[in-house]
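Only one structure is covered here, and it is reproduced in the block below.
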Protein chains: 2
Amino acid sequence: MPAKPVATPSFRPLYEQIRILLTQSLVAGEWKPGEAIPSETDLAERFRVSQGTVRKAIDELASEHILVRRQGKGTFVASHSEPAYQYRFLRVLPDSGEKLTPQNRFLEVKKARASGEAAKALGLKAGTPTLIIKRLMLFQSKPVVLDEIVLAASTCPGATVARLESFRGSMYSFYETVYGLRMIRAEERVRAIEADTFAAEQLAVARGSPILCVDRIAYTYGDKPVEWRRGLCVTSGFSYTNELS
Amino acid sequence: MPAKPVATPSFRPLYEQIRILLTQSLVAGEWKPGEAIPSETDLAERFRVSQGTVRKAIDELASEHILVRRQGKGTFVASHSEPAYQYRFLRVLPDSGEKLTPQNRFLEVKKARASGEAAKALGLKAGTPTLIIKRLMLFQSKPVVLDEIVLAASTCPGATVARLESFRGSMYSFYETVYGLRMIRAEERVRAIEADTFAAEQLAVARGSPILCVDRIAYTYGDKPVEWRRGLCVTSGFSYTNELS
DNA sequence: GAGTGGTCTAGACCACCCC
DNA sequence: GGGTGGTCTAGACCACTCT
């Protein structure tokens with residue numbers, strides 16, 4: 001049965017509409033990270049369109065790493081908890097090219113009132129309760145990145161050093177597993193600065209040494225900013241890597 | 001007429017084969033940057049496959065920014081010379097968010113024998129003749145990036161300061177226009193370093209100031225490395241920006 | 001073998017661009 | 001109006017995974 005594009009005010013292709021419906025189901029938690037979504041034929045039937053149209057919608061979501069296709073098995077909700085995607089947003093890597101997985105050491109978790117850059121980036125009113133997490137990331141016991149992570153306190157209630165420390169995996173895996181909050185994309189700005197006393201101490205470099213300052217805003221569904229972080233990063237033996245295309 | 005996938009030893013989808021054929025035509029210069037390639041129906045006829053299969057092959061090349069689709073007009077070979085793509089690989093941008101186009105000031109163009117990092121990155125034997133270009137990139141007359149660019153001398157014969165200076169546009173636009181050499185993608189590694197005397201002078205900062213060191217390898221068709229460059233970059237008012245997804 | 005995603009086709013029609 | 005890319009369908013068959 002040929003489904004006509006219904007009520008298209010300024011023309012939205014059908015597959016776009018399907019993509020939006022799928023996204024809504026994801027936001028609503030109908031399918032959770034790691035789970036399979038219904039088969040293409042099932043979805044085609046549900047939305048009363050052809051399988052090819054569902055396919056195109058899924059193609060788009062897969063290209064954004066929101067869904068993952070696995071031939072012969074099904075289509076799954078992407079997850080930061082899967083080993084291959086664990087540190088998908090981490091751009092700081094050893095120059096050697098080795099695939100090392102970093103260790104995390106949490107220094108501090110505290111509450112504070114929103115202010116400054118973080119609040120602005122997250123669209124929070126000044127004074128909103130926030131959570132600030134300070135963390136050291138190590139590769140083979142060498143400290144490489146000193147992170148300050150800021151979120152609205154309401155986003156992640158009950159986070160403590162102990163809980164974070166006992167969790168194995170990335171922050172995004174943590175948010176996902178504990179709060180059902182999935183990060184879709186992020187923006188970064190990198191600058192060169194001098195290490196201050198605290199950073200120098202933590203990163204085991206001389207005070208005043210040149211280090212990278214990596215500011216990041218991470219977004220969940222609907223381009224909603226959720227996490228701001230500033231990473232201070234040593235670049236001897238490590239560098240910030242990027243693919244341009 | 002249904003075309004069967006011919007002689008597929010370890011199964012290559014038809015559209016992959018078409019993609020390879022299209023790429024070969026691009027490498028051979030059958031269609032030049034900025035030009036239109038034949039219509040989908042023409043190509044379908046030429047390769048004796050359906051239009052949908054050609055379409056999928058073109059989709060892939062378009063997603064890699066090798067081709068550009070324009071509805072109602074045709075499909076075109078992407079070009080670094082087009083305004084929108086002029087500085088596609090430039091990640092250093094003003095914090096203000098303004099869309100400024102940089103000016104180039106060429107300091108030196110010299111010949112040298114391949115050695116060190118550049119030679120290794122480009123896969124050149126030590127001693128191969130190379131060209132080294134030193135350039136300052138300015139935004140609104142403020143010096144921001146000091147580049148050292150290395151290529152095999154055979155790649156770009158006859159390049160001089162005068163010729164580069166008189167050319168309006170990016171290096172990649174230059175290679176493309178003058179030598180028919182199109183850059184497809186690049187890899188970058190960013191580190192924080194202290195400005196040496198020369199860099200400090202050129203970038204108008206104090207000697208020893210923290211600056212970014214951005215190493216890049218740029219590739220043409222077939223992942224062939226063609227250009228190595230090191231950009232030393234001031235990050236006051238500017239930063240290296242990146243999208244993660 | 002049953003179920004899933006992946007490929008390919010053929011044909012219809014739509015949106016956009018330019019003459 | 002004629003050409004181009006863009007959408008959508010319906011159906012056939014292939015490749016992969018698991019049972």
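Every chain is numbered from 1, with letters handed out A, B, ... down the list of sequences. Model, not experiment: these values are computed from the prediction.
The phosphate of D:dT9 (OP1 or OP2) has a side-chain N or O of A:Thr53 nearer than 4.0 angstrom. Dashed line: the shortest gap from a side-chain N or O of A:Arg55 to OP1 or OP2 of C:dG6 is under 4.0 Å.
Of the candidates C:dG5, D:dG5, D:dT7, D:dT7 carries the atom nearest the A:Tyr15 side chain, counting heavy atoms from C-beta on. Nearest to the side chain of A:Leu14, among C:dT4, D:dG5, D:dT9, sits D:dT9. Picking from D:dT7, D:dT9, C:dG6 the nucleotide with the shortest atom distance to the side chain of A:Lys56 gives D:dT7. Comparing D:dT4, D:dT7, C:dT7 against the side chain of B:Pro13 picks out C:dT7 as the nearest. Closest to the B:Ser50 side chain, of the nucleotides D:dG5, C:dG5, C:dA10, is C:dA10.
Rounding to whole angstrom units, CD of residue B:Glu60 and C1' of C:dT7 are separated by 12 Å. The distance from atom CD1 of A:Ile18 to atom C1' of D:dT7 is 13 Å, rounded to the nearest whole Å. Atoms CD (B:Glu40) and P (D:dG6) sit 6 Å apart, rounded to a whole Å. One can place CG of A:Leu67 at 16 Å from P of C:dT4, the figure rounded to the nearest angstrom. A straight line from CD of A:Glu45 to P of C:dT4 spans 11 Å, rounded to a whole angstrom. Atom-to-atom, CZ of B:Arg69 to P of D:dT7 comes out at 9 Å; the value is rounded to the nearest Å. In this structure, CD of A:Gln51 is placed 12 Å from P of C:dT7, rounded to the nearest angstrom. Regarding B:Phe76, its CZ atom lies at a distance of 12 Å from the P atom of C:dC17, rounded to whole Å.
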When you look at B:Phe89 and B:His80, which way does the ring-ring contact (aromatic ring centres under 6.0 Å, His included) test go after all the steps?
-> CA-CA 10 Å; B:Phe89 290 167; B:His80 286 280; 5.5 Å; yes
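B:Glu187 has no carboxylate O lying under 4.0 Å from a charged side-chain N of B:Arg216, or vice versa, which leaves the two without a salt bridge.
Counting non-hydrogen atoms of neighbouring residues, nucleotides and ligands closer than 6.0 angstrom, the CZ atom of A:Phe139 exceeds 12 such neighbours. Heavy atoms from other residues, nucleotides or ligands lying under 6.0 Å from CD of B:Glu45 number 12 at most.
Annotation: side chain of B:Phe167 is in contact with side chain of B:Thr177 (closest heavy-atom distance under 4.5 Å).
Sequence order on DNA chain C of the closest nucleotides to A:Thr75 and B:Val54 puts A:Thr75 first from the 5' end.
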Enumerate all atom pairs, one protein N or O and one N or O from nucleotides 16-19 of chain D, separated by less than 3.5 Å.
from	atom 1	to	atom 2	distance (Å)
D:dC16	O4'	A:Gln71	OE1	3.2
D:dC18	OP1	A:Lys73	NZ	3.4

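Nearest heavy atom pair, residue B:Tyr172 against residue B:Glu227, reads OH-OE1, 2.6 Å.
Applying the salt bridge (Lys or Arg N to Asp or Glu O under 4.0 Å) rule to B:Asp59 yields the partners B:Arg69; only residues at least two apart in sequence or on another chain are considered.
B:Arg70 comes within 4.0 angstrom of sugar-phosphate atoms only, judged by non-hydrogen atoms across all strands, and of no base.
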